[in-house]
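Below you'll find the structure, written out as structure tokens, and then a few comments.
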Amino acid sequence: MASKEELIQELSDAIISCKKDAVLAAVEKAKGVMEPAEIIEKGLAAGMNQVGVLFERGKLFLPHVMMAADAMTAGVKILEADMPAGAQKKTMGVIVNGTVEGDVHDIGKSIVSTMLQSAGFEVHDIGRDVPIKNFVEKAKEVNANMIGLSALMTTTLPGQKGVIELLKEEGMRERVKVMVGGAPATQAWADKIGADCYAENASEAVAKAKELLLGK
Amino acid sequence: MATEYALRMGDGKRIFLTKEKILSEIEAGTAHAADLGEISALDGNELEKLAEILMMPGKAVSVEHGMEVPVTHDIGTIRLDGDQGNSGVGIPSSRLVGCMVHERAFGADTMELGHIDYSYKPVKPVVSNECQAMEVCQQNMIIPLFYGAMPNMGLYYTPDGPFENPGDLMKAFKIQEAWDAMEHAAEHLTRDTVWIMQKLFASGADGVNFDTTAAAGDADFYGTLHAIEALRKEFPNMYIEAGMAGEMVLGMHGNLQYDGVTLAGLWPHQQAPLIAKAGANVFGPVVNTNTSKTSAWNLARSVTFIKEAVKVSTLPCHVDMGMGVGGIPMLETPPVDAVTRASKAMVEIARVDGI
Ligand code: B12
């Protein structure tokens, strides 16, 4: 029989292959040997992280990321039946993501939304050139845990600060985390405006969102 | 205490580094490019030379005598009268004045006429206006004047265009539909750019510039390569320049090929042969600046990629140098110390044919 390490490797490889059949087969094989949570965390999610890295390196492309996410969802569904009630539908967090006012660059922001969604977050992508108040209104409406702010130009970067200030005015800053990104943003900028985190690319955005919202 | 030299971060911030630290940043930057592009890193002499350029005492530096290269200016017509939202300086002036100032006062070797929206699609409804502007400029100028704009294929997707946004389709796991939308958009992009350039050539344009090719990913690259191919067939002597949007072709589609090569994930040295095959005359490679890293790291990384592109390219390479690309910090008006150092390194180490 395959060892646990081999099974974990197989699960992760199956996700990286982006093939649903392979993922379902690997999950079936691992089911009797490992706990569902372990299969998800150490196998499927680890594979998904690798998919993100390969995407950043130009080795896997957006449709592959989506296929891998789809396969992972199918794998998790099989496992949910065996999981104790309550542990089943663990929501990872609600994120409102958009590009700040005056800025129409939305390619990177959309990739970030896609990757966050693939990782299991509930993502509300509110588009580009979004007025400051719309971020806060949407966050209220969907009871968001986090707002993602993209800016691709040095001239629109201050919009990220504007959202943080409005969140404070509305008394919402404590319960809504803020993640900033886009080419001109840096860790130093995030610190300066009091954002909770900065991420350089989409896979880092997923890792940081998990860290902030799930504590891992 | 060891001497410290004034450098920049990728966001323009002033920093002071010792020679030792500069060399270690350069080594890390070149290694990063070598790893991603699977190409060779800069050798010992090149690392030294790059450090020397970065540590030169002058505020502005220049290339050695005899190593001057042509400088081409994109969008310059708008740079004067455009406002900040357009990266301009807001001096009220016509596009003719903009072109002539670049020719006669700024010393541009070639120039480009562009439209305020600077994408091909919005030129369609005002093409007569563009043709007239081209004619007037040509009558007043000597240097080659191109027409240029961005392929910007995103304009063919909702909310700006007829095809559903593949980003939204993808998020709904409708992958086939997303592929279809991208392929249709690419067809429209090819058709529109060819139609626009037929008109502008009839009005005397000396060439065409595809600026920020592949901004919307591999399908944008696909549509542009086909436009270049069609234009080359129709106008054998037309001068065609194709500059890229970023260092790597984003894989939004993933499966599109040109000349048997998958377009997604290509780095500058892999883009060059395809641009040549399609029939362009000049290739404009791009390397992005990382705002969180030092100028030593960024420049070493950029020079490594561009050097390889120059090496394999059969076409002259005019590297894209500007705010946030080519090792230059990302600022509205990039600092002269960084711009001139990056330019010197591109010419003397990467051996580019133009900027
Ligand atoms: C594509 C593009 C465009 C397209 C945008 C199409 C679209 N729908 O998005 C178009 C053609 C419309 C465009 C227009 C303009 N552009 Co433009 N554009 C670019 C370009 C070439 C690529 C940007 C891109 O999509 N990169 C690819 C994606 C995947 O990367 P990314 O956006 O960086 O995203 C990644 C990370 O930053 C991060 N991230 C992004 N968002 C977020 C959000 C969060 C929360 C997190 C955590 C992370 C994160 O993760 C992403 C994935 O890894 C850049 C140059 C470059 N090479 O970067 C210029 C650039 C950004 N543009 C620039 C400019 C000036 C403009 C214009 C003003 C040009 C003009 N004169 O008209 C207009 C602006 C109009 C406006 N008001 O916004 C400048 C900005 C310079 C500056 N000093 O700020 C740049 C740097 C080019 C340059 N050097 O001139 N542009």
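Order of the sequence lines sets the chain letters (A, B, ...), proteins ahead of strands, with each chain counted from 1.
Within the 4.5 angstrom heavy-atom criterion, no atom of B:Leu266 approaches chain A. Neither the backbone nor the side chain of B:Pro166 comes within contact range of chain A; no heavy atom of the residue lies under 4.5 Å from a heavy atom of that chain. Proximity to chain B is absent for every atom of A:Asp106, based on heavy atoms less than 4.5 angstrom apart. Residue contact with chain B, scored on non-hydrogen atoms closer than 4.5 Å, involves the backbone of A:Leu152 exclusively. For a residue to count as touching a neighbouring chain, one of its non-hydrogen atoms must lie under 4.5 Å from one of that chain's; by this rule B:Asp160 touches chain A with the side chain only. With a threshold of 4.5 angstrom between heavy atoms, A:Ala185 approaches chain B through N, CA, C or O but not through any side-chain atom. At a 4.5 Å heavy-atom cutoff, the contact between B:Ala264 and chain A is made by backbone and side-chain atoms alike. Using a 4.5 Å cut-off between heavy atoms, B:Ile175 touches chain A through its side chain atoms alone.
Annotation: the span from A:Leu62 atom CG to B:Leu250 atom CG amounts to 9.0 Å, rounded to 0.5 Å. Rounded to the nearest 0.5 Å, atoms CZ (A:Phe61) and CG (B:Leu256) are 11.0 Å apart.
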Side chain to side chain contact (heavy atoms under 4.5 Å, CB included) between B:Phe173 and A:Met66, intermediate numbers included: CA-CA 7 Å; B:Phe173 294 107; A:Met66 293 317 297; 3.6 Å; yes
CA sep, side-chain torsions, deciding dist, call: A:Glu122, B:Lys171, salt bridge (Lys or Arg N to Asp or Glu O under 4.0 Å): CA-CA 12 Å; A:Glu122 180 183 325; B:Lys171 270 177 244 156; over 6 Å; no
Audit row: B:Lys174, A:Asp70, salt bridge (Lys or Arg N to Asp or Glu O under 4.0 Å) steps and yes/no: CA-CA 11 Å; B:Lys174 293 182 182 164; A:Asp70 193 24; over 6 Å; no
Worked verdict on A:Arg57 versus B:Asp35 for side chain to side chain contact (heavy atoms under 4.5 Å, CB included): CA-CA 10 Å; A:Arg57 294 181 65 89; B:Asp35 172 42; 3.1 Å; yes
Working for side chain to side chain contact (heavy atoms under 4.5 Å, CB included), residues B:Met252 and A:Ile107: CA-CA 10 Å; B:Met252 309 300 273; A:Ile107 297 167; 4.1 Å; yes
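The neighbour count for A:Lys42 NZ, taken as heavy atoms of other residues, nucleotides or ligands under 6.0 Å away, does not exceed 12. Heavy-atom neighbours of B:Tyr222 OH from other residues, nucleotides or ligands within 6.0 Å: at or below the threshold of 12. More than 12 heavy atoms of other shown residues, nucleotides or ligands fall within 6.0 angstrom of atom CG in B:Asp259.
What you find for B:Trp179 and A:Pro63 is that their closest heavy atoms are NE1-CG, 3.6 Å. Residues B:Leu331 and A:Thr154 come closest through the heavy atom pair CA-CG2, 4.2 Å. B:Met248 and A:Phe55 get closest at one heavy-atom pair: CE-O, 4.4 Å. Considering every non-hydrogen atom in both B:Glu38 and A:Lys59, the closest pair reads OE2-NZ, 3.0 Å. For the residue pair A:Gln187 and B:Ser292, the shortest heavy atom distance occurs at N-OG, 4.4 Å.
Chosen from A:His64, A:Met67, A:Glu56, the residue pairing most often with chain B at heavy-atom distances under 4.5 Å is A:Met67. Chosen from A:Thr156, A:Thr186, A:Val123, A:Leu60, the residue pairing most often with chain B at heavy-atom distances under 4.5 Å is A:Thr186.
Contacts from residues 194-203 of chain A to chain B, taken as heavy-atom pairs separated by less than 4.5 Å, involve A:Tyr198, A:Glu200 in sequence order.
Considering only heavy atoms from C-beta on, B:Met323 stays 4.5 Å or farther from A:Pro184 through its side chain.
Without hydrogens or angle criteria, B:Thr291 side chain to A:Ala183 main chain gives a donor-acceptor distance under 3.5 Å.
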